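Have a look at the structure below, then the notes.
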Protein chains: 2
Amino acid sequence: MTPTPASAPATGTAPSGEENWLRLDRQICFSLHAASRAFNGVYRVVLKDLGLTYPQYLVMLVLWEEGELPVKKLGEHLRLDSGTLSPLLKRLEAAGLVVRERSARDERSVVVRPTREGAELRERAEQVPRRIVAATDLDVEEIRDLRDRLDVLTRALDAAAEER
Amino acid sequence: MTPTPASAPATGTAPSGEENWLRLDRQICFSLHAASRAFNGVYRVVLKDLGLTYPQYLVMLVLWEEGELPVKKLGEHLRLDSGTLSPLLKRLEAAGLVVRERSARDERSVVVRPTREGAELRERAEQVPRRIVAATDLDVEEIRDLRDRLDVLTRALDAAAEER
DNA sequence: CACAATTCAATTGCGCACAACCAATCAAGG
DNA sequence: CCTTGATTGGTTGTGCGCAATTGAATTGTG
């Protein structure tokens with residue numbers, strides 16, 4: 001039928017149109033929320049041996065590739081701000097995995113660099129991706145496709161949140 | 001293609017296969033992480049008028065459908081434990097949206113029920129799903145498909161995390 | 001050189017997620 | 001009756017995510 005005007009009975013019958021919107025919304029937000037936490041749970045198990053949390057692992061991944069970069073750049077890679085990164089990096093520093101030091105060129109900037117110990121951790125982390133991919137029970141093609149869909153979704157959501 | 005950054009083989013062997021695994025893993029975890037937070041950001045904007053956070057909205061969704069249920073059942077619906085729910089429910093109670101009271105039948109159980117104010121909030125929340133779905137820039141079919149894929153993924157991840 | 005605007009990181013405060021532990025309650029067995 | 005065990009919420013501690021503020025350093029301009 002044509003979309004019922006907002007005359008949705010509050011509690012009586014179940015108006016198929018409006019109710020479906022609400023339920024669909026609930027399912028998609030439930031699903032994404034649950035998937036995100038499920039992923040976090042798997043990473044928690046896999047990363048326990050390395051003594052890293054999931055976001056800490058993300059930080060180390062970037063540092064392993066980039067080698068050294070200021071907090072600002074690090075935050076751009078991960079889409080995290082200093083409010084999240086500052087205490088996280090302090091914990092990584094306390095664990096002896098990274099060093100933080102003020103840039104000589106720009107005293108405002110703090111440069112993060114993996115220590116020898118942090119760099120060596122990379123080898124032990126090499127096995128992580130395989131275990132994660134295995135846990136998804138998906139093949140590479142499906143993962144790639146899902147990733148692409150999520151990236152498209154993220155861009156749309158960011159754009160929508162931006163303009164309000 | 002292959003914009004391989006100056007990631008010199010740190011330890012000697014840098015088999016392209018391994019490197020690809022690591023990068024693919026990074027992309028899927030980045031993507032899911034980013035999508036989850038992007039969703040959260042949109043919900044933050046949309047729910048600001050209602051004075052609800054995203055998890056609080058999830059709780060109210062369940063209560064609007066179920067009407068009244070113990071914390072245990074609520075946690076099963078949302079896959080959240082009391083460590084998360086207890087303070088959250090206290091905040092909802094402080095906002096006058098729910099009441100918590102011990103069950104007469106079983107003194108161990110605490111039953112949560114929306115207040116009149118909390119029930120009335122449902123009507124103002126009716127518009128939320130449409131705005132969220134619009135923000136995704138996807139049609140219903142695509143959302144349904146993505147949700148199903150995420151649910152499958154979540155089940156696989158939960159199973160993998162379980163057995164270790 | 002002096003001053004204002006900008007940039008950047010740190011800090012603070014609030015809320016969520018989860019693990020570990022604790023307290024109260026109910027049920028079953030002696 | 002009392003004890004044991006299981007169930008159910010609560011509490012505490014750690015860490016992430018984000019908004020808002022602060023403060024220092026750099027850059028731009030006269």
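A note on names: the letters A, B, ... follow the listed sequences, proteins ahead of strands, and every chain is numbered from 1. All values derive from a computational prediction rather than experimental measurement.
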Rounded to whole angstroms, how far apart are [atom1] on [X] and [atom2] on [N]?
X: Leu92(B); N: dC14(C); atom1: CG; atom2: C1'; value: 15 Å
X: Asp158(B); N: dC18(C); atom1: CG; atom2: P; value: 10 Å
X: Arg44(B); N: dG17(D); atom1: CZ; atom2: C1'; value: 7 Å
X: Leu52(A); N: dG15(D); atom1: CG; atom2: P; value: 12 Å
X: Tyr54(A); N: dC18(C); atom1: OH; atom2: P; value: 13 Å
X: Asn40(A); N: dG17(D); atom1: CG; atom2: C1'; value: 12 Å
X: Leu78(A); N: dC18(D); atom1: CG; atom2: P; value: 12 Å
X: Leu32(B); N: dG17(D); atom1: CG; atom2: P; value: 13 Å

Item to check | Residues forming a ring-ring contact (aromatic ring centres under 6.0 Å, His included) with Tyr54(B), sequence neighbours excluded | outcome: His33(A), Tyr43(B)
Item to check | Along DNA chain D (nearest heavy atom to each residue), the more 5'-positioned of Asp81(A) and Thr53(A) | outcome: Thr53(A)
All side chain to side chain donor-acceptor pair (under 3.5 Å) counterparts of [X], not counting sequence neighbours:
X: Arg100(B); result: Glu93(B)
X: Arg155(B); result: none
X: Arg144(B); result: none
X: Asp151(A); result: Ser31(B)

Next on the checklist: So for atom CG, which belongs to Asp145(A), do other residues, nucleotides or ligands contribute more than 12 heavy atoms lying within a distance under 6.0 Å?
Outcome noted: yes
Which atoms of nucleotides 5-11 of chain C (N or O only) lie under 3.5 Å from a protein N or O atom, and what are those distances?
from: dT7(C); atom 1: O2; to: Arg108(A); atom 2: NH1; distance (Å): 2.9
from: dA9(C); atom 1: OP1; to: Lys72(A); atom 2: N; distance (Å): 3.2
from: dA9(C); atom 1: OP2; to: Lys72(A); atom 2: N; distance (Å): 3.2
from: dA10(C); atom 1: OP1; to: Arg100(A); atom 2: NH1; distance (Å): 3.2
from: dA10(C); atom 1: OP2; to: Ser86(A); atom 2: OG; distance (Å): 2.8
from: dA10(C); atom 1: N7; to: Ser82(A); atom 2: OG; distance (Å): 3.0
from: dT11(C); atom 1: OP2; to: Lys90(A); atom 2: NZ; distance (Å): 2.5

